[in-house]
Amino acid sequence: MRRWITLGMMTLLAAALFSQVLAQSGTAATLPPFIAALRADMELIADEVFGSGQRPELWTGSADTTSPSIIADIWFDNEQLADEVFGRGQRPADWIGATSSNPALVTRNVRHDLEVLADAVGGTDVRPPGWTGAAPFHRCSRTVLNLVYLLETVYATGIRTAPDTPG
């Protein structure tokens, strides 16, 4: 019971922090399509992990991209998936998690971690039918992801690699 209360309080705190940052940042208009695809892919993996239509008691399932807690909700659900796949509190070395208060970075990190989960569940580069996915760089190391972020935010440029380029 204590664990559930702690998890609930962490979610509320994360939602408050992320909603405040999201409201102050200019990224609110660019995140919703990315978040919608992320949530859809997460639900596909959840079907494989928990069973079709079956979810843990605390699963938010939130898909409302206008909700102030959407980023915290997808992070929280992704962590529940990771607990089931890797074991409670256990994460692989390349797991990033919510390591920033920047909503774009947290969302990017969750996408990266969902790709790690998908590899663990279905096998490397095997995705369930209907998978939307994201740009291949989301599967790269944290260092590469941070370099891409710097290119986009500081130098106003981005990656120009074809999406089908092998990793």
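The model shown is predicted, which means the values in this text are computed figures rather than measured ones. FYI, the numbering just counts along the sequence from 1.
A distance-only check finds no donor-acceptor pair linking the side chain of D77 to the backbone of W59 [under 3.5 Å]. In this structure, R142 contributes its side chain and N109 its backbone to no donor-acceptor pair below 3.5 Å. Panel note: side chain S69, backbone A72; no donor-acceptor pair is recorded below 3.5 Å.
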Full working for side-chain contact (heavy atoms from CB on, under 4.5 Å) between R111 and D41
CA-CA 9 Å; R111 169 48 82 175; D41 288 347; 2.7 Å; yes
Walk me through it: do W95 and Q90 pass the test side chain to side chain donor-acceptor pair (under 3.5 Å)? CA-CA 10 Å; W95 192 264; Q90 301 296 313; over 6 Å; no
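Between L145 and R108, the shortest heavy-atom contact is O-NH1, 3.1 Å. Across all their heavy atoms, I71 and P103 have their closest contact at CD1-CB, 3.1 Å. Considering all non-hydrogen atoms of both residues, V106 and A98 come closest at CG1-CB, 4.3 Å. Closest approach of I35 and I70 over heavy atoms only: CG2-CG1, 3.6 Å.
Y149 and F34 fall into different hydrophobic clusters, defined by Ile, Leu, Val, Met, Phe, Trp and Tyr side-chain heavy atoms under 4.5 Å apart, directly or through other members. Tracing side-chain contacts under 4.5 Å through hydrophobic residues (I, L, V, M, F, W, Y), one never reaches L151 starting from F137; they form parts of separate clusters.
Taking a cutoff of 4.0 Å between a charged side-chain nitrogen and a carboxylate oxygen, R39 and D73 do not qualify as a salt bridge. Between D119 and R127, at least one side-chain N (NZ, or NE/NH1/NH2) sits under 4.0 Å from a carboxylate O, which counts as a salt bridge.
Defined by atom type and a distance below 3.5 Å, a donor-acceptor pair is present between the side-chain atoms of T66 and D64.
One distance of note links CZ of R91 with CD1 of I96; it measures 13.5 Å at 0.5 Å rounding.
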